[in-house]
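Heads up, the thing below is written out as structure tokens.
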Amino acid sequence: TVHGGNVHIRTIESGVPSLRCYAAESGKLRWSTATSPEMKKLFWLSDPAVAYGLAIAVFLELGDMNSHGVAAVDLETGKLRWKTYLVTGNTGIKTNNRYLLSTLHLGPPAVDSGEVYTSTGLSSVAALNAFSGEVKWVSTYPRLQFGDPRYGQAWSGYDLRLCTAKTLARGPLSPVVCGEMLIVAPKDCAAVIALERQSGNIRWQREFVDFRYIAGLAENGVLLCDDTVTALNVSTGAVSWEYALSEQSLFGQPVLSGGTLYLPTDRELQHVDARTGVLKSAMPWDPRVGPLGNLVLNGSHLVGIGSSV
């Protein structure tokens with residue numbers, strides 16, 4: 001997270017996890033949580049959100065039953081301002097008698113109007129006071145569970161490894177704040193869930209929507225992206241429109257700007273009207289560069305990453 005001329009990230013160096021702050025221009029380390037007694041046992045599950053002079057991130061503390069929570073550190077010094085434990089249990093998706101560690105890479109929390117909203121990494125979503133860490137609510141959901149990745153719960157002749165891989169490929173998605181609603185797509189859940197921000201009550205959920213990324217909000221729709229883009233009505237969860245890439249594959253994280261959804265495929269950069277799902281134009285990739293993904297908008301330019309550039 002880039003803020004105020006600094007880069008705030010989570011790291012693991014020599015087996016020691018930490019949150020760190022670097023000067024953006026020079027790369028000089030400003031502070032690290034690695035030496036803090038209150039935080040040296042924390043394994044950080046997300047990069048930090050930055051707000052109100054704080055860097056706020058999700059953590060896991062290992063134990064016989066893992067503890068998950070959220071902590072905030074001072075943006076200038078890296079000192080702990082508050083630490084809140086939320087839920088305890090086994091981390092990830094249960095597969096037979098093992099747990100696939102699917103939730104060790106979460107998106108940064110969302111922060112709005114003095115409150116923090118985040119997936120916990122353990123079959124729940126939480127809302128906290130951004131200044132004190134006081135818990136407002138914790139809302140749980142049914143966690144995914146696999147049988148044998150090859151055969152499912154019992155011998156059936158079907159190979160379920162592709163389904164498992166698709167589930168684990170979902171990006172580290174942050175909660176999306178939309179008015180009085182919160183849209184989440186946890187990595188240990190088969191659904192997109194809409195919760196009421198005040199209570200944490202589930203308003204609606206749609207299961208088994210095929211997507212890896214959330215591009216953002218357009219009109220009253222949240223855009224879920226993969227080889228098919230699906231716009232779900234924020235209020236009801238109904239499908240507003242769908243757009244298929246037609247024998248192409250989504251190469252990486254798309255970007256939404258000015259009502260246009262920029263979709264990087266393996267062949268071209270597609271410009272899609274984010275309100276209607278209609279293709280506006282397409283630009284083949286320069287063969288010297290190839291396809292780019294993980295797009296970031298910078299003024300009038302899109303910056304992306306390819307396999308060799």
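Under 3.5 Å, the side chains of Thr88 and Asn66 contain no donor-acceptor pair of N or O atoms. Checking Arg20 against Tyr22 by side-chain atom types alone, a donor-acceptor pair falls below 3.5 Å. Inspection of the Thr11 and Ser18 side chains reveals an N or O donor paired with an N or O acceptor under 3.5 Å. Side-chain contact, Glu61 with Ser67: no donor N or O sits under 3.5 Å from an acceptor N or O.
The only member of Thr91, Thr103, Thr120, Thr118 that meets side chain to side chain donor-acceptor pair (under 3.5 Å) when paired with His68 is Thr91.
Ile214 and Leu297 are not part of a single hydrophobic cluster, where members link through side-chain heavy atoms under 4.5 Å apart. Two different hydrophobic clusters hold Leu223 and Val296 under the rule that ILVMFWY side chains link at heavy-atom gaps under 4.5 Å. Leu173 and Trp204 fall within a single hydrophobic cluster, where Ile, Leu, Val, Met, Phe, Trp and Tyr side chains are chained together by heavy-atom contacts under 4.5 Å.
Side-chain atoms of Asp188 come within 3.5 Å of backbone atoms of Ser123 as a donor-acceptor pair (strictly under, hydrogens ignored). Side-chain atoms of Asp226 never come within 3.5 Å of backbone atoms of Thr228 as a donor-acceptor pair (strictly under, hydrogens ignored). Looking only at distances, no side-chain donor or acceptor of Tyr213 sits under 3.5 Å from a matching main-chain atom of Gly171. Listed for the Ser119 side chain is no donor-acceptor partner under 3.5 Å among the backbone atoms of Gly121. Between the Thr1 side chain and the Pro48 main chain, a donor and an acceptor come within less than 3.5 Å of each other. Judged by distance alone, the side chain of Thr260 and the main-chain N or O of His271 form no donor-acceptor pair under 3.5 Å.
Under a 4.0 Å N-O distance rule, the pair Glu196/Arg203 qualifies as a salt bridge. The pair Lys79-Glu38 does not meet the salt-bridge criterion, since no charged nitrogen lies less than 4.0 angstrom from a carboxylate oxygen. Using a 4.0 Å cut-off between charged nitrogen and carboxylate oxygen, Lys280 and Asp273 do not count as a salt-bridge pair. Glu180 has no carboxylate O lying under 4.0 Å from a charged side-chain N of Arg197, or vice versa, which leaves the two without a salt bridge.
With a 6.0 Å cutoff to the six-membered ring centre and a 45° limit on the axis angle, Arg170 counts as a cation-pi contact of Phe211.
Aromatic ring pairs are classed by plane angle as parallel below 30°, tilted from 30° to 60° and perpendicular above 60°; the pair Trp44 and Phe59 is perpendicular. Ring planes of His8 and Trp31: tilted class, angle from 30 to 60°.
Of all heavy-atom pairs between Glu268 and Pro284, the closest is CB-CA, 3.8 Å. Considering all non-hydrogen atoms of both residues, Trp82 and Leu54 come closest at NE1-CD1, 4.0 Å. For the residue pair Val177 and Leu217, the shortest heavy atom distance occurs at O-CD1, 3.7 Å.
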